[in-house]
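Throughout, a chain's letter reflects where its sequence line sits, starting with A, and its residues are numbered from 1.
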Amino acid sequence: MDYTDTAEQAALREVVRDFCQRHAGPSAWPRLTSELGLAGLAIDESHGGMGATLAEVAIAVEELGRVLLPVPYLSTALAGAVLSVAPADADLLPELASGKLTAAFAFGDSVTVTDGHLDGVVTHVLDGAEAGVFLVSAGGSLHAVRAADTSVTPADTLDLTRSQASVEFRRSRAVDTGADPGHAEDLLRVLLAAESAAAAGYCLEVTVGYLKTRRQFSRPIGTFQALRHRCADLTVEVSSARATACAALAADDVSVLGPLAKKYCADVFWHVAAEMIQLHGGIGFTWEHQAHRYLKRAKTTQLLHGSPAQLRRMVADRAGLV
Amino acid sequence: MEDAEFRQHVRDWLENQLTGEFASLVGTGGPGREHEFVTERLAWERRLGDGGWIGLGWPEADGGRGLPWRQQVIFYEEYTRAGAPARVGHMGEQLLGPTLLMFGTQEQKARFLPGILSGTQMWCQGYSEPDAGSDLAAVRTRAVLADGEWHLSGQKIWTSLAHVADWCFVLARTDPARERHQGLSYLLVPMNQPGVEIRPIVQLTGKSEFNEVFFDDARAQADDIVGAAGDGWRVAMGTLGVERGVSTFGQQLGFRREFEGVLAAARANRSIDDPDIAARITDAWIGLQVMLFYAEATLGNTAGTPAGTAPGTEANIAKLLWAPWHQRLGELAADVAGAGVTVTGPDYALSDAQTLFLYTRADTIYGGSNEIQRDIIAERGLGLPRG
Amino acid sequence: MAELLDAEVTPDVVRAGWPEGDPALVGDAWRKLAAVGVTGTLVPEDLGGLGLDENSLVPMLAEIGRSGLPVPAAETIAVAAPLLAGGHLPGVLDGDTLVTAQLGDSDLVPFGQQAALVVLRDGGALRLFPRDALVLEPCVTTDGSRGTARLVSRPEARDGMVLTDDPAEVDGAWQRGVLGTSALLIGLADRMLTLTVGYVGQREQFGRPIGSFQAIKHALADALVGVEFARPMLLAAAWAQSQRSDEATARTSRAQTSVAKVLASDAARLVARTAIQCHGAIAYTTEYDLHLYAKQAWALIPAWGGPAWHRARVAEFLGASDD
């Protein structure tokens, strides 16, 4: 099904998919981290991790993304990956690997650093409500700040499967990790791209399944050419989104591919989720049906860490087009 | 030979050959430009044949070089990079040849493959008819076996390069008692005979690349049938999905060239300062990357497909990616050119932007229309039921 | 009018406008239209016209667009005729004297190869030039029936006759040109849609008319929606133009006219693409009529300001109206 799974990766995917079928809700987190050790996938073994790479993190992100498991996996696992190669001390790594500590990234220009202390406010911090540590962009570097040293205001989110928070730093003690925040945000975009492509694939599967069984006008509605063709178009989008996310994951330099993949895959996810509702007809509009949760995750993903228009400009700029 | 060495070898050969009489062929031919330098490009085919560059992936036992698909891709990339002229022998190399490899007798392979490999025999495809476009099974051209010969009567349409072809592979109805996909046969018909008449079709670019071919008691030898009588549909479909993968890369490079042309034009006349144009240019570039990623991701699935197995839907998806992309690029090229795009050169000579704009109208129609591609993906890829 | 056009302007007459055709066929059809007053739609009755206002422009020019008659309909009927008086007017009204216009920055004059008179903008005035006062170089055009000529150099002002130097009148003429062209585009879209619906109703594949396939039906439905969406905007723009009385109302009508041009252009573009797609390969030939109309549409889209330009004008208008 996926373009680049090795045998081991395929095995990992199966394990995570199976897990997701048996566990739901935020309470899945302790099991996810202690039983499967997924939070530490990209953390080296000497620090309690699994010694794998971002590619393996992406597999877990994809599988969790398919079911919108409401846990702060993406940010936490990425934090482990980023800090594993960062110049500074590795204090946080064992805590992140065990899952006892979750993380969230705060990018942008709104935070300043003076003598190892941060000041400023960042809004829309994904996975921010429950985070125990923030990785914050300030002064051109990524700084680690414990949540206890900040003021966190959780937001009421449209997407109930992923938290956001406003985080205020007031002379907050910070450790400079030495990691490049621009690069970290591009890696976040790559993971969001992978997650979006996978979730879009899930939406398409559900939709096609529905079209095969739902009957109207004395026949399965999947026999109507207009609907078949729309599904075919969605297949083209999902397939190309998957290939794009894979390419971004395999790239050494993600400064162009990160924004490109995130824009493309988030746009596809949005479109597929919207079509999912449309092709389900009335029930697609209900709270009870899962479609709306994907729509909301898709729109949130589309608008954070670069809107489509912003990312398009970024790609144009970084690729030297304009 | 290692890939890097092979690439250099191809590059060197092309550089040496695209000189003298062939130097003026750089960048010529291709979709929208099939009328250019036909005689010279026929000579180029022979040069390619002499150099052993045709049938790279064919088994060595059949006269090919048995190269792995990676190196076939390298060849296509370097070929496009060098701006070498669009091929006129592609019907033979990419359709008839592989068909013979899959379904032909030893004798047929011995008779016809060498001509393709040497670039000395040209082929055209006799499939579509006025009443059999998307619905190819509605084919009506008749072939009757009498006195050791097939006698053909009927009409084919949209036949590219019919006027330079020596032979035509024709899908004809040989059993009038059977309907649609049944009762069809795959015949090999020589073009230079009294019973074959070719009439050019003028397309909206003002040029003619397609023809009507009329068979009026045209003849083919009894043995010049690939597969058994009545097996024509299976034989004709056998190759349609399989080959696409490798030549896609050359096509991608061609697209990149065209994109760069549009980008350069937008910079030159500053239309890129318009945010709408800039956005569309960026989207076009993104689309180019996505198509390349998709081709890379799926190449193994198409190039390695064993003969006779039903192809997956990768080729169908790929067409639904590139055809609309290419059309949008054509529209963008026209908009970048602005009002100037309404004016041509003398005798309706078209600029690159105009050719791109007008020619791409056909992309979503030929080689399986968008609607047919969607039907195939829906049915074969997604398992959605037929109406 | 529709019947007259259907009878007089056959596809052969449209083809006659192309380089290899007989231009007399086009001229004859135009004169027949002139005979029923079409050319004088906006010309006051006492000068020999019909004395109608901008509201009549849309249905009139949409019909002409639908016929595909290759003449400078918008330039003559909407722009020039209402500004002429005495002298040239009778010839223009009769359809004997062809007048065209280029009020923008472009040096391309539509129908500049045939027109006897050309209206150009010169600073704040509109001037009428006879063709021998101009250096015009014929162009070969994608729409072969458009007869475009390139103005090699700007003429001397004194060689032309001032039609008006009143800014409001100049602006009004510009707006009428844009609206007239938009109406032609809607008419061409109608023609292409009708052709296509007719074709898919009888072309059979897979044992049934291809129009019975839902994909085709939906594609045509989407194309029709685009046209129907544009139509009311053209009528609204015409109404706004007819109500112009001061700078504020003129600014509003200008913005609405821009919207009309954008919508008509987008609709025509979608219809052309859909028509070609639904016809399949045959639409790609010059033997079949469709390309005649598609090319006219493609030429009119960038004329009198392309979609991007007009969108920018609308954006400006929206920004300005906020203060």
Q) Hey, are Arg273(C) and Glu331(B) close enough for a salt bridge, meaning a charged N less than 4.0 Å from a carboxylate O? A) yes
Q: Using distance alone, with no hydrogens and no angle criterion, decide if Gln277(C) and Thr364(B) have a side-chain donor and acceptor under 3.5 Å apart.
A: yes
Q: Using non-hydrogen atoms and a 4.5 Å limit, figure out which bit of Trp18(C) sits close to chain B: side chain, backbone, both or neither.
A: side chain
Q. Donor-acceptor pair, Gln203(B) side chain versus Thr286(C) backbone, under 3.5 Å?
A. no
Q. Are any non-hydrogen side-chain atoms of Thr142(C) and Gln354(B) less than 4.5 angstrom apart?
A. yes
Q) Quick one: does Val140(C)'s side chain get under 4.5 Å of Val343(B)'s, heavy atoms only? A) no
Q) Given a strict heavy-atom distance threshold of 4.5 Å, which part of Tyr366(B) is in contact with chain C: side chain, backbone, both, or neither? A) neither
Q. Which pair of heavy atoms, one from Phe206(C) and one from Ser134(B), lies closest together, and at what distance?
A. CZ-O, 3.2 Å
Q. Below 4.0 angstrom, N of the basic side chain to O of the carboxylate: do Asp335(B) and Arg269(C) qualify?
A. yes
(Q) What part of Pro130(B) gets within 4.5 angstrom of chain C, counting heavy atoms only: side chain, backbone, both, or neither? (A) backbone
Q. Asp274(B) and Ala308(C): which non-hydrogen atoms are nearest, and at how many Å?
A. OD2-CB, 3.5 Å
Q | Any Arg203(C) side-chain heavy atom under 4.5 Å of Asp131(B) side chain | A | yes
Q | Heavy-atom side-chain contact between Trp298(C) and Leu358(B) under 4.5 Å | A | yes
Q.
Counting C-beta onward and ignoring hydrogens, is there a side-chain heavy-atom pair between Phe213(C) and Glu371(B) closer than 4.5 Å?
A. no
Q: Specify the closest pair of heavy atoms between Pro302(C) and Gly338(B), including all atoms of both residues, with the distance to one decimal.
A: CB-C, 4.4 Å
